[in-house]
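Here the structure comes first, spelled out in structure tokens, and everything after it is commentary.
All residue numbers refer to positions in the sequence shown, counting from 1.
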Amino acid sequence: MSDIRHSLLRRDALSAAKEVLYHLDIYFSNQLQSAPLPIVDKGPVELLEEFVFQVPKERGAQPKEQTKDSVRQIVFSSLFSPQGNKADDSRMSLLGKLVSMAVAVCRIPVLECAASWLQRTPVVYCVRLARALVDDYCCLVPGSVQTLKQIFSASPRFCCQFITSVTALYDLSSDDLIPPLDLLEMIVSWIFEDPSVLQVLLTLQLHLTEKNLYGRLGLILFDHMVPLVEEINRLADELNPLNASQEIELSLDRLAQALQVAMASGALLCTRDDLRTLCSRLPHNNLLQLVISGPVQQSPHAALPPGFYPHIHTPPLGYGAVPAHPAAHPALPTHPGHTFISGVTFPFRPIR
């Protein structure tokens, strides 16, 4: 009966119903030749229900879909996984055109395959795909970024991987590697709509702790923070004569918040001295000073209790030193170990 069903699935409803009745006529005729009262098996009944009475067959439908998705992923991977040979250039060119077209027509299965490809492919190839999409939707045709923007609701997974690739593409090392304004505005709109691109750091600490990797495995390389901070400093110098103090202050607040969350979650491992050296050239910012001088991980190799920093008693940079006799100033408490997020005492400014 399974072979008959597969044949019926390729027909329209009317011809499938006629075909079911034809096969049932043959089936019961054969049954009557061997027994006066034929036994009605479950298979014929299911065919009648599905193709005559139009009752969808639920049994086995989900595994069939899963198998179809798996096959699609395997085929996509076979076509576009880099092999380190001359064919990679043609492979990447075709992939860029395919994904760009999938964005244009909102073809979700292709976008989901591309998301998986971006997740497991070396970054040098992911950057090439990101560059092709940025060229198509942010550079070649003005206003076409709206088409790319609208796929967020269709495939959030692809958008998440695309953001990661764009981050690797634009390392701010030259004018060509500064993201276009349209692209930045689109990504900001995605994050506003669903901040879970950002909230992954909140769940990271739990996963690292479960695997006994908290305080041992840094997922954000400190070396990657250096060009970012240098670029912020350069832009602050350029904006300084333009009376943009509020914009500079907001940017430094964002940097401080990102550093604090990254260190609290165990994604960024650094010492206090490393952080001071990194941020020493930046304009003064109260929130950044609290993060720099506040509790951070003492050693990238020391596992810490989940949700806590070590005790730090050093005042923020730019403030007077604490006297050797604390009794003379009872109003100055020492810094206790803070629980993650809830212990943060500095104000938070929402993105405007």
Legend entry - Any residue meeting salt bridge (Lys or Arg N to Asp or Glu O under 4.0 Å) with E19, in chain and number order, not counting sequence neighbours: R11

Inset, instruction - Check side-chain hydrogen bond (donor to acceptor under 3.5 Å, both in side chains) between D273 and all other residues, then give those that pass, not counting sequence neighbours. - result: none

Legend entry - Expected output: side-chain W117 to main-chain F80 donor-acceptor under 3.5 Å: yes

Inset, instruction - Report the residues that fulfil side-chain hydrogen bond (donor to acceptor under 3.5 Å, both in side chains) with E238, sequence neighbours left out, ordered by chain and then residue number. - result: R234

Inset, instruction - Could you work out the complete set of other residues in the hydrophobic cluster of M101, with links drawn between I, L, V, M, F, W and Y side chains under 4.5 Å apart? - result: V105

Legend entry - L79 with I74, same ILVMFWY side-chain cluster at under 4.5 Å: no

Inset, instruction - May I ask you to say whether K18 pairs ionically with D12, meaning some side-chain N is under 4.0 Å from a carboxylate O? - result: no

Inset, instruction - Any chance you could pull the hydrophobic cluster mates of Y22, using side-chain heavy atoms under 4.5 angstrom and chaining through other members? - result: I26

Inset, instruction - Determine whether Q150 and C106 make a side-chain contact, defined as any pair of heavy atoms from C-beta on separated by less than 4.5 Å. - result: no

Legend entry - Y137 side-chain N/O to A104 backbone N/O, donor-acceptor pair under 3.5 Å: yes

Legend entry - Partners passing ring pair (Phe, Tyr, Trp, His ring centres under 6.0 Å) against Y170 (at least two apart in sequence or in another chain): none

Legend entry - Path from I178 to I232 over hydrophobic side-chain contacts below 4.5 Å: yes

Inset, instruction - Compute whether any side-chain donor of one residue and acceptor of the other, for D88 and Q83, lie under 3.5 angstrom apart. - result: no

Inset, instruction - Output all residues satisfying side-chain contact (heavy atoms from CB on, under 4.5 Å) with N233, sequence neighbours left out; order by chain, then residue number. - result: D237, R281, L282, P283

Legend entry - Residues clustering with L140 (ILVMFWY side chains joined when closer than 4.5 Å, directly or via others): V141

Inset, instruction - Enumerate the residue pairs fulfilling salt bridge (Lys or Arg N to Asp or Glu O under 4.0 Å) with a member in residues 145-156, sequence neighbours excluded, ordered by first and then second residue. - result: none

Inset, instruction - Just say parallel, tilted or perpendicular for the rings of F162 and W190, cut-offs at 30° and 60°. - result: perpendicular

Inset, instruction - Sequence neighbours left out, what pairs pass salt bridge (Lys or Arg N to Asp or Glu O under 4.0 Å) with at least one residue falling in residues 92-120? - result: E112-R157

Legend entry - side-chain hydrogen bond (donor to acceptor under 3.5 Å, both in side chains) partners for S251, two or more places apart: none

Legend entry - All side-chain hydrogen bond (donor to acceptor under 3.5 Å, both in side chains) counterparts of D182, not counting sequence neighbours: none

Inset, instruction - May I ask you to decide if A236's main-chain N or O and N240's side chain share a donor-acceptor pair within less than 3.5 Å? - result: no

Legend entry - Exam field: side chain S265 to backbone A262, donor-acceptor pair closer than 3.5 Å: yes

